[in-house]
Amino acid sequence: MPPITVHPCNPRYFQDSEGRPLYLTGSHHWDVLVDNAERPARPERAGGFDFDAYLDRLESWGHNFVRLWTHEAWTHEVRPLPHPRTGPGTALDGGLRFDLSSFDEAYFERLRRRTVRAGERGFTVAVMLFNGWSIHDNGEGNPWFRHPFNPANNVNGVDGDPGGRGEGVDVHSLRIPAITRLQELYVRKVVDTVGDLDCVLWEISNESPGESRDWQYHLIRFLKSLSPIPVGMTSCFPRGRNEDLVRSPADWISPNQHGGYKRSPPPADGSKVVLLDTDHLWGIGGGPDWVWKSFLAGHHPIYMDPLDADPERETARRALGDTLRLAKRIDLASMVPVSGGLAGPSEKVLYLSRGWGKVDLSAWKSAEEVEAEWLDPFQGQWMPAESLSGGGTVHVRAPFRFLNPAVLHLRQSAGRSAPPSGRIPRG
């Protein structure tokens, strides 16, 4: 089957293998692929991260997206990694040195198994290739002493820090051709492992520094020469510039907070598919208000999730699923951002931050009846409203919780395909 592609008529969205518009939303967690000794006491880590239980939780929230994290190194031991630890010799962490001339099949078998499993359960999987938090200290400690490209940690004489700065920023650049060639071999191996699956997106790196731009551009082009799967470039950190994402050869991007993406996300213009990830905005943060504003600006809200019991995060998780269920009810391929929401030839979805306001119905004829439904974005509860008349501007007010946000769905009377009231089915 063909892979996911950018939708030919509405490039704010992807298109699945059957030609349907594909809106993506979901929670992601750091340990979904590589086990991390920093978090050994979490209940789901008894015997390793319980990936199926994780997918169960995402399904219960109505999500359809997984960001499959990788780590080249961390301040604590992470395993498995792409290269085996065979020695001879001892690395800085006391383990055997890495052999960069070969691959550890345990890593790629797990990558394949978990990607297949997620795809079987209806998830799209963003496969991360590199991680900027593995090469230098971003405030949580320096992982460089554990990195395979540290010259003390491999048997191949590869030195990712020729200047002796005590970090691996040069690894995510084009300054060391021998390392670039090793990275290209690794990328080929990942493509050979999961590039045949129709649920995959590529992500070059998580928050590599701003100086990594040309290295990421190179790898995007290299990936495109190997695979038709859409490639993503996510926000650089530190010194990341969103314009570098927009100008990149990537198919999809994930910007940082500059430009209002935390409070009132600007409308997607269709130049790139935008997976708007809280990871690059807050780290951990964002509530249901942000979720709905992002969706109705033509973006795909993605949530970095510690998988805890925080009630605000639980509300945001549920809101992500509610946006997906609404996306399946509307003609998403024809919808574009307008002031306050999304609009198409025969319907609108609007976000009213205070639950009331003026609504422009001039797209409909004056004698034409417009059906209206309200959604409480915090409860996922639909409520019917009286039909409105087209031809001008009308005042509307949600029938619940005065001055709280509300979502209003308007459409031509003919062809209603959704239940007129009740909770959006979840799970």
Side-chain angles (χ1 to χ4, degrees), residues 7 9-13 21 23 25 242 246 253 255 257-276 281 286-301 319-320 322-366 368-378 382-383 385-413 418:
H7 197 283
C9 300
N10 194 343
R12 297 167 184 83
Y13 303 100
Y23 163 73
T25 192
N242 287 337
V246 175
I253 60 174
Q257 73 273 16
H258 299 297
Y261 286 100
K262 288 176 71 171
R263 295 180 60 84
S264 296
D269 63 9
S271 60
K272 306 283 187 185
V273 178
V274 179
L275 273 61
L276 195 53
L281 306 180
D289 185 69
W290 174 84
V291 170
W292 279 99
K293 287 181 178 179
S294 300
F295 165 60
L296 294 177
H299 306 305
H300 305 247
L320 294 171
D322 288 341
T323 63
L324 176 58
R325 280 175 280 272
L326 181 55
K328 292 178 178 179
R329 293 179 57 184
I330 63 180
D331 181 15
L332 195 64
S334 70
M335 304 292 273
V336 298
V338 296
S339 178
L342 292 172
S346 61
E347 60 185 328
K348 283 186 177 181
V349 182
L350 303 174
Y351 187 84
L352 303 176
S353 60
R354 296 173 64 83
W356 62 274
K358 295 180 180 179
V359 175
D360 181 8
L361 300 181
S362 59
W364 286 282
K365 298 176 182 178
S366 59
E368 193 169 17
E369 187 178 83
V370 180
E371 293 182 346
E373 296 173 285
W374 289 101
L375 173 68
D376 182 339
F378 290 88
W382 282 105
M383 300 185 71
E386 292 184 3
S387 296
L388 305 172
S389 296
T393 299
V394 298
H395 290 266
V396 295
R397 176 177 167 179
F400 46 77
R401 297 196 299 175
F402 182 56
L403 297 183
N404 274 21
V407 175
L408 178 62
H409 183 201
L410 304 166
R411 75 163 89 201
Q412 289 177 337
S413 294

Can you find a pair of side-chain heavy atoms, one from V349 and one from L375, that are under 4.5 Å apart? no
Keeping the roles fixed (side chain from H409, backbone from E371), state whether a donor-acceptor pair exists under 3.5 Å. no
Between W374 and F400, how do the two ring planes meet: parallel, tilted or perpendicular, split at 30° and 60°? perpendicular
V291 and T323, any side-chain heavy atoms less than 4.5 Å apart: yes
Using side-chain heavy atoms (C-beta onward) and a distance below 4.5 Å, is L388 in contact with V359? no
Under 3.5 Å, is there a donor-acceptor pair between the side chain of N242 and the main chain of H258? yes
Compare every heavy atom of P337 with every heavy atom of A268, then report the nearest pair and how far apart it is. O-CG, 3.6 Å
Rounded at 0.5 Å granularity, tell me how far NE2 in H300 sits from OH in Y13. 6.0 Å
Indicate, with yes or no, if the rings of F295 and Y351 have centres closer together than 6.0 Å. no
Tell me if a side-chain donor or acceptor on K348 pairs with a main-chain N or O of D360 at a distance below 3.5 Å. yes
Tell me, do L320 and P301 make a side-chain contact under 4.5 Å, heavy atoms counted? yes
Is it true that a side-chain atom of S294 and a backbone atom of H299 form a donor plus acceptor pair closer than 3.5 Å? no
Ring of W382, cation from R325 - is the NZ or CZ under 6.0 Å from the centre and inside 45° of the axis? no
Flag, side chain of W364 to backbone of E347, donor-acceptor distance under 3.5 Å: no
One should read off an interatomic distance between S387 OG and L410 CG, to the nearest 0.5 angstrom, of 10.0 Å
